[in-house]
Amino acid sequence: MLLPVIECRWNLTPGEARLWQRQLAAAVRLEALAAPPRLIAGADTSYNRGSNRVAGAVVVWDTAERRVVAQASAVVDTPFPYVPGLLAMREAPALMPAFAALAVMPDLLMFNGHGTAHPARCGLACHMGVVFDLPAVGVAQQRLCGRHEAVGQAVGDGAPVILDNDPVGVALRTRRRCNPVYASPGHRADLAAARAVTLETTYGHRLPAPLREAHRLANAVRRSFTPCKD
DNA sequence: GCGACAG
DNA sequence: ATCTTGTCGC
């Protein structure tokens, strides 16, 4: 395994989880990427309503060949429900083992959710980026916090998401006539990098390919353990 | 107290 | 997140 299995209690209380986020936020490093990332890992989860069985999926997208070159998944039962601001408590337990099963080391991690555009500046992308100490960015479809001006209509147009006078993310138009996505750095990356990797892997779609592929895989895994009605 | 609220 | 048909636009 290239990436380690991180041991931790996932049955924390919301209060304990927020204390943990405070610690993790202090470890986040916002900086320019050391090198342009060729292999981008996209991660996502899928689960049925009312169920705690979560499918975590990770794909490695080769930006040079424009294809998935590795993938891994895991199924985990997590007691923690989805709580706005505590998404990592819900999804990380399934994503960690999926990453640990990956046979290829990615250059950057991309998550379906926010990075620093989070009330505690510690969204899912920060959480995962810090525990693995790898460059990470978050791309969400909805705003969690902060405010921003209207986004231009052209692909590539963006408006910074401001939280307490700080630009913590960017609302980005990745496709015409589609709502913008929210990109923010998670760890060992900066706002410019989050914006760039998002736009560079969109290929005419609203969401970047690593996330589209991870979503597809996570859904396939979930269906594999979901009883079908005949 | 009231609204907001990633997936 | 997931449950779902048709439908508008490129």
Side-chain angles (χ1 to χ4, degrees), chain A residues 10 14 17-18 21 24-25 28 42-58 73-96 98 109-129 136-148 153-155 161-164 168-187 191 194 198 202-208 210-212 214-229:
Chain A
W10 289 112
R18 291 190 177 88
Q21 288 188 328
L24 289 167
V28 168
D44 193 21
T45 66
S46 179
Y47 45 88
N48 295 313
R49 187 186 60 154
S51 168
N52 285 332
R53 184 150 294 180
V54 180
V58 179
S73 63
V75 176
V76 168
D77 288 312
T78 354
F80 211 95
Y82 164 68
V83 175
L86 299 180
L87 180 64
M89 295 298 104
R90 177 62 168 173
E91 305 201 339
L95 292 178
M96 295 288 189
L109 313 181
M110 181 180 280
F111 297 90
N112 212 305
H114 296 285
T116 55
H118 176 280
R121 319 275 176 116
C122 190
L124 177 66
C126 298
H127 191 114
M128 300 293 289
V137 302
V139 179
Q141 301 184 243
Q142 298 290 318
R143 181 186 61 83
L144 172 61
C145 64
R147 301 194 57 170
H148 66 82
Q153 298 301 309
V155 171
V161 174
I162 306 298
L163 178 62
D164 297 328
V168 294
V170 60
L172 252 190
R173 186 81 63 191
T174 52
R175 179 176 182 166
R176 285 204 43 139
R177 277 178 247 82
C178 281
N179 291 327
V181 298
Y182 294 82
S184 59
H187 184 55
L191 198 44
T198 298
T202 287
Y203 313 118
H205 293 263
R206 180 184 181 226
L207 292 178
L211 293 186
R212 295 203 318 271
H215 191 269
R216 173 194 54 70
L217 178 57
N219 262 304
V221 172
R222 176 182 57 82
R223 288 194 301 264
S224 75
F225 64 69
T226 298
C228 58
K229 46 179 165 183

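Proteins come first, then strands; the chains are lettered A, B, ... in the order of their sequence lines, and each starts at number 1.
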### Query
Hey, does G50(A) reach any base, or is it just sugar-phosphate, or nothing, if we go heavy atoms under 4.0 Å?
nothing

### Task
Kindly point out which of dG7(B), dT2(C), dC5(B) is positioned nearest to the side chain of S46(A)?
dT2(C)

#### Entry: Gap between atoms CZ and P, on R223(A) and dT4(C) respectively (whole Å)
13 Å

### Query
Where do R212(A) and L207(A) come nearest, in terms of heavy atoms and distance?
NH1-O, 3.1 Å

### Rounded interatomic separation in angstrom, taking CD from Q141(A) and P from dG7(B)
6 Å

### Query
Expressed in angstrom and rounded to an integer, what is the separation of D44(A) atom CG from dA6(B) atom C1'?
12 Å

### Task
Please check if any side-chain donor atom of R90(A) sits under 3.5 Å from a side-chain acceptor atom of N52(A), or the reverse.
yes

### Task
Would you indicate what N52(A) reaches in the nucleic acid, counting non-hydrogen atoms under 4.0 angstrom: base, sugar-phosphate, or nothing?
nothing

### Of E91(A) and R177(A), the one whose closest DNA chain C nucleotide lies more 5'
E91(A)

#### Entry: N48(A) and R53(A) side chains, donor-acceptor separation under 3.5 Å
no

### Query
In whole Å, what is the span from the CG atom of L87(A) to the C1' atom of dC5(B)?
12 Å

### Task
Have a look at H215(A) and say if it touches a base, only the backbone sugar-phosphate, or nothing, with a 4.0 Å heavy-atom cut-off.
sugar-phosphate

### Task
Using the side-chain contact (heavy atoms from CB on, under 4.5 Å) rule, take T174(A) and T198(A) through it: C-alpha gap first, then chi angles, then the decisive distance, then the call.
CA-CA 8 Å; T174(A) 52; T198(A) 298; 4.1 Å; yes

### Query
Would you say the side-chain atoms of E91(A) pair up with the backbone N or O of Y82(A), donor to acceptor, closer than 3.5 Å?
no

### Message
Students often get this wrong, so: under 4.0 angstrom with heavy atoms, is L86(A) touching a base, only sugar-phosphate, or nothing?
### Response
base

### Summary
note: D77(A), atom CG; dA1(C), atom P; distance rounded to Å ~ 20 Å

### Task
Give the rounded distance in Å between these two atoms: CZ of R90(A) and P of dT2(C).
11 Å

### Nearest-Å distance for atom pair CZ/C1', residues F111(A) and dA6(B)
14 Å

### Message
Whether Y47(A) contacts dT2(C) is assessed here as follows: a side-chain N or O lying under 4.0 Å from the phosphate OP1 or OP2. Is that the case?
### Response
no

### Query
Could you give the CG-to-P distance, from L124(A) to dA6(B), as a whole number of Å?
13 Å

### Query
Taking the nucleotide of DNA chain C with the closest heavy atom to each, which residue, R175(A) or N219(A), is nearer the 5' end?
N219(A)

### Summary
Which of dG7(B), dA4(B), dA1(C) is nearest the side chain of R143(A)? It is dA4(B)

